[in-house]
> 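First the structure, then my questions, so here it is.
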Amino acid sequence: MIDRATVVGLLRPAVTLLRLLAAREVADFAEWYRAGAEYTDRVADGMDFDRAGADATGADPVADPSETLAALREGRTDVPPETARVVAATYLGDADFGRPFLAYTPGWYRLALAAPVALAARRLRRVAAPFRERVAAAGDDGRLDASTVPAFSAPSDLPIDADAVVAVRDGGGFEAFERSFVLADAVLHTEWFAHVAAAAGITVPQDLIDRTIHESAAHYTGGRESLSPDVRRFQRLLFADDAWVRDVDTSYRLNSALFGVWERILREERRRLDRASRN
């Protein structure tokens, strides 16, 4: 089992998440949106995905978020409906990310993070609401669903034996916790990116999404030795969410040891995939 010192070291910093709860208004979440937009932009560029932009004019609040950020920093919600769709998709994707993520992790970790994750989700949904309403009021072009909460995969939804996930999650020790964390992120950040990309006019082949989830679930539970080259490339870019963690930690002055643990785990996996790509 995981030792007491490690548990205490992880649980105590969870309190620093409460500092995020001081963020309540639209302006407070401007840097949150910026971090998500920059992450989405890096992955899309790295994969050379086709980008039509968020609307018929090619406006792209992900590749060029300056006007969107200016509005958010002023607390304004009167952005174009197409931009509002991307902002709502980003906030709502983050709001619904935490709960399914915890389902992949050991019970002691779920217990420690459940309350702050739920509170953060409520704040994100509240700040997303006026943007989602703006999209609905304007009449959508068929992509309104991209602004709703995405359907993240629970462990039981994965295309592998459910016992394989349980074995990773409940294996005991810090190494098992890290494995469960990487498994959760490999699946869920793929789905998060697909969700935001759909709102932003970024074309992500559905076959790639399906194969990435299937191969990653098998790989990170020990049922597959390696990822196919295009899936490995995609995951290497997606695991750059260590930069997102660092960005949020810095922007909101959290100085969080917990965020430091997350960043290290993600960075190490990204570097491992990078080495595998060069071999």
> First locate atom CG of Leu258, then atom CD of Glu263, and finally report the distance between them rounded to the nearest 0.5 Å.
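The distance works out to 12.0 Å.
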
> Counting only heavy atoms not in Glu175, do more than 12 fall under 6.0 Å of its CD?
no

> State, to 0.1 Å, how close Val62 and Asp41 come at their nearest heavy-atom pair, and which atoms those are.
CG1-N, 3.6 Å

> Can Glu38 and Tyr33 be said to form a side-chain hydrogen bond (donor to acceptor under 3.5 Å, both in side chains), step by step?
CA-CA 9 Å; Glu38 290 178 357; Tyr33 173 76; over 6 Å; no

> Going by an N to O cut-off under 4.0 Å, is there a salt bridge joining Glu178 and Arg264?
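Answer for the salt bridge query: yes.
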
> So, Asp241 and Arg270, do they make that salt bridge, N to O below 4.0 Å?
no

> Do the side chain of Arg110 and the main chain of Thr105 share a donor and acceptor less than 3.5 angstrom apart?
yes

> What's the separation between atom CG in Leu254 and atom CG in Asp249, rounded to the nearest 0.5 Å?
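Those atoms lie 5.0 Å apart.
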
> For the residue pair Asp94 / Trp192, report whether a side-chain donor-acceptor contact shorter than 3.5 Å exists.
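Distance-only check passes for Trp192 and Asp94.
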
> Take Arg211 and Ser228 through the side-chain contact (heavy atoms from CB on, under 4.5 Å) test and state the conclusion after the steps.
CA-CA 9 Å; Arg211 287 190 297 109; Ser228 58; 3.6 Å; yes

> Start with the C-alpha distance between Leu208 and Met47, add both sets of side-chain angles, then the distance that settles side-chain contact (heavy atoms from CB on, under 4.5 Å), and finish with yes or no.
CA-CA 11 Å; Leu208 177 62; Met47 291 299 293; 3.8 Å; yes

> What are the two closest heavy atoms between Ser277 and Arg236, and how far apart are they?
OG-NE, 3.7 Å

> Among Phe101, Tyr104, Phe174, which one satisfies ring-ring contact (aromatic ring centres under 6.0 Å, His included) with Phe181?
Phe101

> Are more than 12 heavy atoms, taken from residues, nucleotides or ligands other than Arg246, located less than 6.0 Å from that residue's CZ atom?
yes

> Arg233 side chain to Gly46 main-chain N or O, any donor-acceptor pair under 3.5 Å?
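It does hold such a pair.
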
> Would you say Trp108 and Val117 are hydrophobically clustered, going by side-chain heavy atoms of ILVMFWY under 4.5 Å?
yes

> Should Asp28 and Arg123 count as an ion pair when the cut-off is N to O under 4.0 Å?
no

> If you measure only the distance, is there a donor-acceptor pair under 3.5 Å linking the side chains of Tyr220 and Glu269?
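Checked: Tyr220/Glu269 side chains pair up, N/O donor to acceptor below 3.5 Å.
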
> May I ask you to check whether Phe239 and His189 place their ring centres under 6.0 Å from each other?
yes

> To the closest 0.5 Å, what do you measure between CD1 (Ile265) and CD (Glu268)?
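It is 8.0 Å, given to the nearest 0.5 Å.
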
> Under 3.5 Å, side chain of Asp60 to main-chain N/O of Asp64, donor-acceptor pair present?
no

> Is there a side-chain contact (heavy atoms from CB on, under 4.5 Å) between Leu92 and Leu124 once you walk through the steps?
CA-CA 7 Å; Leu92 291 170; Leu124 283 162; over 6 Å; no

> Give a yes or no on whether the backbone of Ala218 and the side-chain of Arg224 come within a donor-acceptor separation of less than 3.5 Å.
no

> Do NZ/NE/NH1/NH2 and the carboxylate oxygens of Glu31 and Arg34 come within less than 4.0 Å?
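Answer for the salt bridge query: yes.
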
> Would you name the heavy atoms of Pro61 and Thr83 that are closest together and state the gap between them?
CB-CG2, 4.0 Å

> Less than 3.5 Å apart, any donor N or O on the side chain of Asp210 or Thr212 sitting next to an acceptor on the other?
no

> Working to the nearest 0.5 Å, report the span between CZ of Phe29 and CZ of Arg126.
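The CZ atom of Arg126 is 8.0 Å from CZ of Phe29, to the nearest 0.5 Å.
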
> Report yes or no: does Arg51 contribute a side-chain atom to a donor-acceptor pair with the main-chain N or O of Thr203 at less than 3.5 Å?
no

> Is the Phe234 ring parallel, tilted or perpendicular to the Phe49 ring (thresholds 30°, 60°)?
perpendicular

> Give me the ring orientation class for Tyr252 and Trp32: parallel if the planes are under 30° apart, tilted from 30 to 60°, perpendicular past 60°.
perpendicular

> Check whether Arg134 reaches the backbone of Val79 with its side chain - one donor and one acceptor, N or O, closer than 3.5 Å.
yes

> Yes or no on side-chain hydrogen bond (donor to acceptor under 3.5 Å, both in side chains) for Glu225 and His219, after CA distance, side-chain angles and deciding distance?
CA-CA 6 Å; Glu225 183 175 352; His219 178 59; over 6 Å; no

> Please check this pair: side chain of Ser180 against backbone of Phe177, looking for a donor-acceptor N/O pair closer than 3.5 Å.
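Yes; at least one donor-acceptor contact below 3.5 Å.
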
> Does atom CD of Glu67 have more than 12 heavy-atom neighbours from other groups under 6.0 Å away?
no

> Can you tell me how far apart CD (Gln235) and CG (Leu238) are? Round to the nearest 0.5 Å.
5.5 Å

> Would you say the side-chain atoms of Asp55 pair up with the backbone N or O of Glu82, donor to acceptor, closer than 3.5 Å?
no

> Shortest non-hydrogen contact from Ala88 to Phe131?
CB-CB, 4.1 Å

